[in-house]
Amino acid sequence: MREVVRANDPALISAVEALLLEAEIPYQIADQNISILEGGIGAFPRRVLVDDSREEEARQLLVDAGIPPKGMRL
């Protein structure tokens with residue numbers, strides 16, 4: 001699995017999920033349950049992971065949608 005997005009913004013994570021679902025690219029959200037431990041303050045970013053074989057396709061999809069690449073602060 002490769003990380004394609006890391007963000008604290010739940011709206012951005014939802015948008016990425018919708019794009020990946022529509023494109024039928026399987027994904028996983030990592031660190032989603034940490035928010036329970038942190039009290040929902042958004043201190044820990046969530047990571048969107050895709051299979052290695054679909055990483056390039058997922059990244060291009062996000063770029064086309066105007067979502068910044070991994071590594072940019074969100």
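Here the structure is a predicted model, which means the values were calculated and not measured.
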Honestly curious: do [X] and [Y] fall in one hydrophobic cluster under the side-chain, below-4.5 Å linking rule?
| X | Y | value |
| --- | --- | --- |
| Leu21 | Leu19 | yes |
| Ile29 | Leu61 | yes |
| Val48 | Ile25 | yes |

Please table the atom pairs, donor to acceptor, closer than 3.5 Å between any side-chain atom in residues 10-18 and protein atoms at least two apart or in another chain.
residue: Ser14; atom: OG; partner: Pro10; partner atom: O; Å: 3.3
residue: Glu17; atom: OE2; partner: Tyr27; partner atom: OH; Å: 3.0

* Asked: How would you list, by chain and number, every residue that makes a side chain to side chain donor-acceptor pair (under 3.5 Å) with Gln28, sequence neighbours excluded?
  -> none
* **Any donor-acceptor pair under 3.5 Å from Asp51 side chain to Met1 backbone** => no
* To do: State which residues pass salt bridge (Lys or Arg N to Asp or Glu O under 4.0 Å) with Glu56; sequence neighbours excluded, sorted by chain then number.
  => none
* Structure fact -> Taking every heavy atom of Ala23 against every heavy atom of Arg54, the minimum-distance pair comes out as O-NH2, 3.9 Å
* Asked: Closest heavy-atom contact between Asn8 and Pro45?
  -> OD1-CA, 2.8 Å
* **Qualifying residues under side chain to side chain contact (heavy atoms under 4.5 Å, CB included), relative to Glu55, sequence neighbours excluded** => Arg2, Val4, Val50, Arg59
